[in-house]
Amino acid sequence: QSALTQPPSASGSPGQSVIITCTGTSNDIGRYKYVSWYQQYPGKAPKLIIYEVNKRPSGVPDRFSGSKSANTASLTVSGLQAEDEADYYCSSYGGSNNVVFGGGTKVTVL
Amino acid sequence: QVHLVQSGAEVKKPGASVKVSCRASGYTFTSYDINWVRQATGQGLEWLGWVDPANGNTHLAHKFQGRVTMTTSSSIDTAYMELSSLRSDDTAVYYCARGGSGDYEFDFWGQGTLVTVSS
């Protein structure tokens, strides 16, 4: 199963919005509603910020939102803050009890 | 509060095996799957598979079938991941992560265990 495709980097100024895309296929993102997003700081474990395309776990700010269209999922970070500078990974259920991750996107706050 | 605490860093020679543990607390261990994910330095996340502590059932990513064994001990709320026939490209941080109450998301993560494979 191939990894999902993410842009290696994205950036924005404080207060702006940044959108990160995650492209899969009709066998993963296009077929299932099980897309998740994780935030990871250097040297730390990932943290779940979005699951099932657009649901936020308790405690995750509503500045983080998710969506999906066809084979592409997106994470939008609105009102960008310095603390949002991190790596972001998408994942999707790929059928047959498999999970696949994206390659990750480094978000820089200018 | 949910915590997953992993065993310490390991250094192994090529061809050897390594076993990483993940001790859970703060929830009913048998109610949630434990997944294993690894990350090579500067690289992305790679899913290895899951184990169901309720019955010991496992599912491994195709790439790791035959080389990875996942087990649990419900008496001590601990999951284990053993990787055999180690190669240099197995050098990575290995994470355990709890399967969420939805489906196919990982809601709590261990701190990670660095496994270094070097001759």
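Order of the sequence lines fixes the chain letters, A, B, ..., with proteins taken first and strands second; residue numbering starts at 1 for each chain.
Two rings, from B/Tyr27 and B/Tyr32, have their centers less than 6.0 Å apart.
Grouping Ile, Leu, Val, Met, Phe, Trp and Tyr by side-chain contacts under 4.5 Å, direct or through others, puts B/Ile76 with B/Tyr80.
Contact of A/Gln40 with chain B is made through the side chain alone, with heavy-atom distances under 4.5 Å. For A/Lys44, the part lying near chain B is the backbone, with the side chain staying farther off; criterion is any non-hydrogen pair under 4.5 Å. Residue contact with chain A, scored on non-hydrogen atoms closer than 4.5 Å, involves the side chain of B/Val37 exclusively. Both the backbone and the side chain of A/Pro46 come within contact range of chain B, with heavy atoms under 4.5 Å apart. Looking at A/Ser92, neither its backbone nor its side chain comes within 4.5 Å of chain B, counting heavy atoms on both sides. For chain B, no part of A/Tyr32 is nearby; none of its heavy atoms comes within less than 4.5 Å.
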A/Asn98/B/His59 under side-chain hydrogen bond (donor to acceptor under 3.5 Å, both in side chains): CA gap, chis, key distance, verdict: CA-CA 8 Å; A/Asn98 290 300; B/His59 180 78; 3.1 Å; yes

Let me see the working for A/Thr105 and A/Gln6 under side-chain hydrogen bond (donor to acceptor under 3.5 Å, both in side chains), right down to the final yes or no. CA-CA 6 Å; A/Thr105 298; A/Gln6 297 181 234; 3.0 Å; yes

Full working for side-chain hydrogen bond (donor to acceptor under 3.5 Å, both in side chains) between B/Thr28 and B/Thr30: CA-CA 6 Å; B/Thr28 302; B/Thr30 52; over 6 Å; no

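For residues 62-119 of chain B, the disulfide bond (SG atoms under 2.5 Å apart) pairs, not counting sequence neighbours, are B/Cys22-B/Cys96.
The pair B/Asp90-B/Lys12 does not meet the salt-bridge criterion, since no charged nitrogen lies less than 4.0 angstrom from a carboxylate oxygen.
Of residues 105-119 of chain B, those residues with a non-hydrogen atom less than 4.5 Å from any non-hydrogen atom of chain A are, in numerical order, B/Glu105, B/Phe106, B/Asp107, B/Trp109, B/Gly110.
Test B/Glu46, B/Gln39, B/Glu10, B/Arg38 against B/Tyr94 for side-chain hydrogen bond (donor to acceptor under 3.5 Å, both in side chains) and you get one pass: B/Arg38.
Residues forming a side-chain hydrogen bond (donor to acceptor under 3.5 Å, both in side chains) with A/Lys33 (at least two apart in sequence, or on another chain): none.
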